[in-house]
Enquirer: 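Here it is, the structure, as structure tokens.
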Amino acid sequence: MKALIPVVATWLLALLVPPVAAGAQPGLNSSATAGGPSQESLGRPQGPPVHAVLASPPNVPPPVHRNYPARVIVDLEVREVEKEISEGVRYTFWTFGGTVPGSFIRVRQGDTVEFHLKNHPNSKMPHNIDLHGVVGPGGGAASSFTAPGHESQFTFTALHQGIYVYHCATSPVGMHIANGMYGLMLVEPPEGLPAVDHEYYVMQGDFYTVGKYREKGLQPFDMQKAIDEKPTYVLFNGSEGALVGDRALTAKVGEKIRLFVGNGGPNLVSSFHVIGEIFDKVWFEGGTSYQEHVQTTLIPAGGAIIAEFHTVVPGSFVIVDHSIFRAFNKGALAILRVDGPENKAVYSGKEVDSTYLGDKAGSLQAVSAVAAATEKGTPTLAQQIAAGQALFNGTCSVCHQPTGQGLEGVFPPLAKSDFLMSDLKRAIGILLNGLTGAVTVNGKTFNSVMPPMSQLNDDEIANILSYVRNSWGNQDGAVSSADVAAVRKSTQRPAGAAQ
Amino acid sequence: MTTDGTGMACKALAVVGWLLCTAAATAADRVPVPGGEFTPVIAPGPNAKTVTIASFDLDRRPVTNAEFLSFVRASPQWRRDRIPALLADQSYLAHWSGPQTLGPSAEPEQPVTHVSWFAARAYCAAQNARLPTWYEWEYTAAADGTHRDARQDPAWRERILGWYAVSAARKVPPVGQGAPNVYGIQDLHGVVWEWVEDFGGLMVSGDSRTQGDPDKLQFCGAGALSTDNREDYPILMRVAFLSSLEARFTTSSLGFRCAAGNTP
């Protein structure tokens, strides 16, 4: 395989040449990349200088569409900006282009890039740039050290194709990176990249604040946490809200998506995963080889990948660092919203969900106890609550959390929930029939999906509701099986739910 | 160290005599700093860790817009419309509304910023003074309200870092608001960066990661930056800032104060 790939092998060739056998590594064209091509072999820049179009995340500049190398002028402005890192939490980010990650730079292999680094007059700090796509000392850092209100210029040839991280390398380097000073530069192969329906730009970073996660106010950088590698936040595109809600990435069913994903670090390695998708191809480490049918791909700090996949079914696909506490407890969550018709052949939605106890049966003793009592018609509220707790922990706590707190912005709280407590019939109906769309709970809007709990019988629903309506500060009487039966009788099960 | 006599008097007269005190403070309100042995963040040489600081005097507060305005009026060659490009870049005093007017973006009691090293030196010379050296500045700035060297105190570091976290786009506070340190000197942290006489000798490589490169010893007189002590980084950031400058550069958060005595 290796021998078959000619010296000029590129991504495109790597794309076109299929692997000879399942599991084979296509395009490990070491000879082509050893030391990289010479500038001469790529051709001299032609035509008038071109100004690079930069794009702010999650957007990617348009393809280069040039079949010759040019002199490309890149103007990148460093700005120190105070912005929200999380709701009500402010942070002074140091940025390339005003955003985290910085502006996306797109050039063609062989281009001569005239780089202008401008440090905004309002900056407090000097800054520079190390572009991993540059062959030269410091990747340009030594030539771009720039005081506030000044500009540096240096020029390089983009010898290697690939997707490259750039970052600030001013002392203390880790602090400049931790404040958001990183971004991506794509060096297209001479032939360009195959057309896709969407290209998106996502970059992970870890952040260290003096205050705790979601502690409000302007939060200074915490050097000790950074040294200890204990981030307060792990984020995609620099804030918790960057890629959710109205700002989610979007696509339609049947489209092809290319993600350029970088990891600025400064410390963590990313286990990048899109829940409910499988990458058709991942150009791991941003190189010319790709792997197919990838679930989770590793992105080193200071590294990047290209991932391609196509959408088959609609829904919200959650993008996470699969070091999963980072996703649910430090903010490493983004959403890809895919609209279009269902494809039940590929994915049915929930059809059956019946109880399976396995060796957990012992832990559900309380459930058996109440079941026996119910048969005699005499469960006590305490019995119901004990049984409800066991069921809740197995069925509901994954989303609503073991203490009923929910997850801010994603899963509504049950503890002291006005929505839960104000209407018992509605609560029963939601367990029976599910709930889709916006609801307001304790003044906050949640817009997500709860599937119908069709696997639960009337007794079990009564017990769960008796538990949640008498826990964590909630107080109410028992919910009876008859209450549930009445709602079951008077409402319609959704399609696909077990009756 | 002694109490801050002027500060006490000003407090006592806070309501009626504020202007009087301010006026008194503007005329070279310089405070004696007793010398001593000091371990700077940048080792003075390959085999040396400490330097001896001789006693000197240092301005209590950074030079203000009002003070610099009177200098420019007395020495019009330093007006922004007359200064040669060799001695100051385009943004020299750019926040003033005119060559001899402060205007709304430059309050009299704010520290003067947008000044070049040449201009700062000329100002000090006109007061029969000089810019402090880096070691003098660092030595004095290591103090807090009670200790001459508070650098191991997390509170001291956090105050400095708190300033780094504030965007420079926010308004520069007026001088004299900061708590006096043990010498009675104010605003060494938390207001502006400050020029020093020998900033050009503070060579941090443009690419800070090469600071352990032995080649640097050949031309970096101060030797390679020692980052052994991670608590030093608030000061190292100041070194990094100063080393990004040329003598004609000016920035929106860079001012100065003068020193006297023990001319190096």
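Below, each value reflects all heavy atoms present in this structure, side chains not excepted, and no hydrogens, waters or symmetry copies. Sequence lines set the chain letters: A, B, ... in the order given, protein chains first and strands last, and positions in each chain run from 1.
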Enquirer: Ignoring hydrogens and angles, tell me if any N or O in the side chain of Lys216(A) forms a donor-acceptor pair with the backbone of Glu87(A) under 3.5 Å.
Expert: yes
Enquirer: Checking Trp163(B) against chain A: side chain, backbone, both or neither under 4.5 Å from a heavy atom?
Expert: both
Enquirer: What's the verdict on salt bridge (charged side-chain N to carboxylate O under 4.0 Å, His left out) for Lys124(A) and Glu80(A), showing C-alpha distance, side-chain angles and the deciding distance?
Expert: CA-CA 8 Å; Lys124(A) 197 175 261 176; Glu80(A) 299 169 1; over 6 Å; no
Enquirer: Within a reach of under 6.0 Å around NE2 of His116(A), are more than 12 heavy atoms found that belong to other residues, nucleotides or ligands?
Expert: yes
Enquirer: Heavy-atom pairs under 4.5 Å with chain B are the metric here; pick the option from Arg90(A), Gln219(A), Glu82(A) that has the most.
Expert: Glu82(A)
Enquirer: Checking His167(A) against His132(A): is there a side-chain donor and acceptor pair closer than 3.5 Å?
Expert: yes
Enquirer: Residues of residues 101-108 of chain B under 4.5 Å from chain A (heavy atom pairs)?
Expert: none
Enquirer: Is chain B contacted by the side chain of Pro121(A), its backbone, both, or neither, given a heavy-atom distance below 4.5 Å?
Expert: backbone
Enquirer: Restricting to pairs with a member in residues 79-109 of chain B, which pass ring pair (Phe, Tyr, Trp, His ring centres under 6.0 Å), not counting sequence neighbours?
Expert: His95(B)-His114(B)
Enquirer: With Leu242(B), which of Trp117(B), Trp134(B), Trp193(B) fulfils side-chain contact (heavy atoms from CB on, under 4.5 Å)?
Expert: Trp134(B)
Enquirer: Look at the aromatic rings of Phe96(A) and Tyr166(A) and report parallel, tilted or perpendicular, splitting at 30° and 60°.
Expert: perpendicular
Enquirer: Salt bridge (charged side-chain N to carboxylate O under 4.0 Å, His left out), that's the test. Do Arg214(A) and Glu408(A) meet it? Break it down for me.
Expert: CA-CA 11 Å; Arg214(A) 288 187 173 165; Glu408(A) 199 168 337; 3.2 Å; yes
Enquirer: Applying side chain to side chain contact (heavy atoms under 4.5 Å, CB included), can you list everything that pairs with Phe115(A), at least two apart in sequence or on another chain?
Expert: Val74(A), Leu76(A), Ile105(A), Val113(A), Leu117(A), Ile129(A), Leu131(A), Phe154(A), Phe156(A)
Enquirer: CD1 of Ile160(B) to CD1 of Ile235(B): how many Å apart, nearest 0.5 Å?
Expert: 5.0 Å
Enquirer: I need the contact set between residues 248-256 of chain B and chain A: heavy-atom distance under 4.5 Å, sorted by residue number.
Expert: Phe249(B), Thr250(B), Thr251(B), Ser252(B), Ser253(B)
